[in-house]
Enquirer: 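Quick one: structure below, then a few questions.
Position 1 is the first residue of the sequence; numbering continues from there.
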Amino acid sequence: MQYWIGAFAVALVVVIGYAGGPLAAVVTIAAFLVALFLLWARELGFKGAWEKFGLQTLELPPKMENWDRLKLIFADENKMVKACTVAVAMIALAMILPRNLVALVYLAAVAWGVFEVYRANSAAAPRPGTPIN
């Protein structure tokens with residue numbers, strides 16, 4: 001079932017993105033991938049997500065052993081749907097609002113996502129000087 005949801009999410013991002021033009025399709029795919037990475041990073045931390053998926057050793061063109069690690073990114077259906085929603089919402093805003101304003105909204109959304117990752121990971125980490133129960 002997860003392959004169908006993944007295929008639907010990617011197809012939706014490409015179709016909606018292409019409705020805004022070829023450049024919008026590229027921006028939408030980038031927004032989808034950034035949102036998906038930030039959702040994983042919120043759970044694992046930036047370094048944890050980067051290392052879990054082996055992005056530090058990713059080579060282009062991808063080899064067969066890299067595909068197994070990349071499949072892990074698309075394993076969680078909820079994260080796929082959330083990332084798809086973010087990407088489609090961003091391209092919808094790009095079709096309604098002026099491009100300058102949309103660029104600010106994109107940057108604000110990424111900044112908010114990074115802030116959420118830091119907030120989620122700092123709450124779980126023990127603070128120095130605090131007593132241990």
Enquirer: Is any side-chain heavy atom of Leu36 less than 4.5 Å from a side-chain heavy atom of Met80?
Expert: yes
Enquirer: Hey, could you give me the CZ/OH distance between Arg42 and Tyr118, rounded to the nearest 0.5 Å?
Expert: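 Arg42 atom CZ to Tyr118 atom OH measures 15.0 Å (nearest 0.5 Å).
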Enquirer: Can you confirm whether Met90 sits close enough to Val102 that some side-chain heavy atom of one is under 4.5 Å from a side-chain heavy atom of the other?
Expert: no
Enquirer: For the hydrophobic clusters of this structure (ILVMFWY residues joined by side-chain heavy atoms under 4.5 Å, transitively), does one cluster hold both Trp112 and Leu39?
Expert: no
Enquirer: Quick one, Phe32 and Val88 - any side-chain contact, counting heavy atoms below 4.5 Å?
Expert: no
Enquirer: In terms of hydrophobic clustering (I, L, V, M, F, W, Y; side-chain heavy atoms under 4.5 Å; direct or indirect links), are Phe115 and Val110 co-clustered?
Expert: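 Different hydrophobic clusters.
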Enquirer: Kindly give the heavy-atom pair with the smallest separation between Ile91 and Tyr106, and that separation in Å.
Expert: N-OH, 3.9 Å
Enquirer: Could you pull out the closest heavy-atom pair between Gly113 and Leu38, with the gap in Å?
Expert: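 Taking Gly113 first and Leu38 second, the nearest heavy atoms are CA-CD1, 4.1 Å.
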